[in-house]
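Throughout, a chain's letter reflects where its sequence line sits, starting with A, and its residues are numbered from 1. As the structure is a prediction and not an experimental result, all values here were calculated from the model.
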Number of protein chains: 2
Amino acid sequence: MGELHAAVARRLERHDHRYTRRRRHLVETLARAARPVTLPQIATHSDELPQSSAYRNLEVLERCGVVSRIAGTADHAHFELAEPLVEHHHHLVCVACGSLEDVHLDQELETLVDAELAQAAAAAGFTPTHHSLDLHGFCQDCEPEQ
Amino acid sequence: MGELHAAVARRLERHDHRYTRRRRHLVETLARAARPVTLPQIATHSDELPQSSAYRNLEVLERCGVVSRIAGTADHAHFELAEPLVEHHHHLVCVACGSLEDVHLDQELETLVDAELAQAAAAAGFTPTHHSLDLHGFCQDCEPEQ
DNA sequence: CTCAGTGCAAAGGATTTGCATGCCG
DNA sequence: CGGCATGCAAATCCTTTGCACTGAG
């Protein structure tokens with residue numbers, strides 16, 4: 001956890017931002033979640049967290065490459081630690097409740113995908129930054145009646 | 001185009017919905033777009049389209065498996081024809097302006113991805129319906145200054 | 001006649017922003 | 001001191017909903 005904070009602090013400094021208690025708390029909550037969480041979920045683990053501060057800090061953290069925002073079909077956006085800070089992974093997305101779960105794929109397949117996508121991107125004059133590969137379906141809690 | 005309308009009509013009937021002029025017009029606009037479009041973009045190609053009707057019809061079409069809604073980081077959601085009606089494909093997503101572009105990948109890779117995802121899903125008690133594999137980056141218009 | 005479809009107007013609700021204050025460097 | 005950080009309140013704006021009217025079968 002100390003390493004994480006050091007890495008985050010470095011990223012914030014690089015953008016002339018401070019690593020305040022609020023931000024440290026947000027990062028710790030995200031690190032502990034081990035899956036993308038919504039702002040209400042974050043607030044649960046943090047008494048007295050004004051929404052505007054939360055959103056504003058998450059936005060700063062996003063611009064500094066510390067947090068990733070995931071906009072799905074769910075009412076709220078989900079937030080997670082950005083990729084250089086956590087291992088590359090993907091998500092299981094529940095089409096019923098919109099919840100997200102982390103999932104890791106074989107490295108070889110990732111490489112194949114990246115190569116193929118890079119080729120397609122070049123053909124379209126597109127400059128890629130990263131890919132997302134999500135599986136949509138029903139989570140355990142939303143299992144469709146068989 | 002006739003085939004498309006027939007297929008859409010069948011899906012609507014199955015859900016006890018009519019294939020009205022408005023809905024026919026929406027489907028034709030989406031078919032011609034050849035990329036996911038926002039509601040304002042749809043309205044451009046259609047004079048006198050009340051928003052509430054558009055949203056309501058898109059919702060009906062979505063429930064009937066005719067339209068897919070894509071919620072990204074852009075202000076507006078994007079809509080496209082659902083997959084059984086158009087070929088399986090993925091998207092180039094511009095991280096700057098949020099625009100979407102269709103992209104087709106090698107079938108062999110798709111199969112590999114599906115197999116790997118199915119395995120991961122099973123391990124998590126997740127019932128998959130489909131995958132999404134998007135490439136994020138900068139579109140031609142938003143090319144970052146080098 | 002009946003019931004889905006339509007459209008205007010108003011509501012809903014996640015997220016953003018204005019502004020005054022607090023606080024770290 | 002200067003400028004970011006904070007938080008309350010209000011605004012924003014995409015999308016949904018209430019309700020009365022229309023039209024297809």
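Note on A:Phe138 and A:Val93: separate hydrophobic clusters, where clusters join Ile, Leu, Val, Met, Phe, Trp and Tyr whose side-chain heavy atoms are under 4.5 Å apart, directly or indirectly. Transitive grouping of hydrophobic side chains (ILVMFWY, heavy atoms separated by less than 4.5 Å) brings B:Leu133 and A:Leu92 into a common cluster.
Taking each heavy atom of A:Gly98 and A:His78 in turn, the nearest pair found is O-CE1, 3.4 Å. When all heavy atoms of A:Val103 and A:His89 are compared, the pair lying nearest together is O-CB, 3.5 Å. Residue A:Leu135 comes nearest to B:Ala121 through the heavy atom pair CD2-CB, 3.5 Å, listed as atom of the first residue, atom of the second, then distance. Listed here is the closest heavy atom pair of B:Ala82 and B:Ser68: CA-OG, 3.5 Å. Taking both residues in full, the closest heavy atoms of B:Gln140 and A:Gly125 are given as CG-O, 3.1 Å, listed atom of the first, atom of the second, then distance.
Protein chain A contacts DNA chain D from D:dG3 to D:dA9, reading 5' to 3' and using non-hydrogen atoms of the protein with a distance under 4.0 Å.
In this structure, A:Phe79 atom CZ and C:dA14 atom C1' are separated by 10 Å, rounded to whole Å. Going from atom NE2 of B:His76 over to atom C1' of C:dA14 covers 15 Å, rounded to whole Å. When rounded to the nearest whole Å, the span between CG of B:Leu39 and P of C:dG7 equals 13 Å.
Sorted by first and then second residue, the side chain to side chain donor-acceptor pair (under 3.5 Å) pairs with a member in residues 50-63 of chain A read A:Arg23-A:Asn57, A:Glu59-A:Arg63; sequence neighbours excluded. Pairs of residues two or more places apart, or lying in two chains, that qualify as ring-ring contact (aromatic ring centres under 6.0 Å, His included) and include a residue from residues 112-133 of chain B are A:His136-B:His130, B:His88-B:His131, B:His90-B:His131.
Under the 3.5 Å distance criterion, with hydrogens and angles disregarded, no donor-acceptor pair is assigned to the side chains of B:His76 and B:Gln41.
For DNA chain D, the residues of residues 10-24 of chain A within the heavy-atom distance limit of 4.0 Å (strictly under) are A:His17, A:Arg18, A:Thr20, A:Arg22, A:Arg23, sorted by number. Within residues 48-68 of chain B, the residues approached by DNA chain C to less than 4.0 Å at the level of any non-hydrogen atom are B:Pro50, B:Ser52, B:Ser53, B:Arg56, B:Asn57, in residue-number order.
B:Glu116 places no side-chain N or O within donor-acceptor distance of the main-chain N or O of A:Leu105, the cut-off being under 3.5 Å.
Recorded end-axis angle for the helix from C:dC1-D:dG25 to C:dG25-D:dC1 stands at 30°, based on five pairs per end and rounded to 10 degrees.
In this structure, CG on A:Asp141 lies 8.0 Å from SG on A:Cys94, to the nearest 0.5 angstrom.
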### Message
Between A:His5 and A:Glu28, is the side chain to side chain contact (heavy atoms under 4.5 Å, CB included) condition met? List the steps.
### Response
CA-CA 9 Å; A:His5 282 310; A:Glu28 283 182 5; 2.8 Å; yes
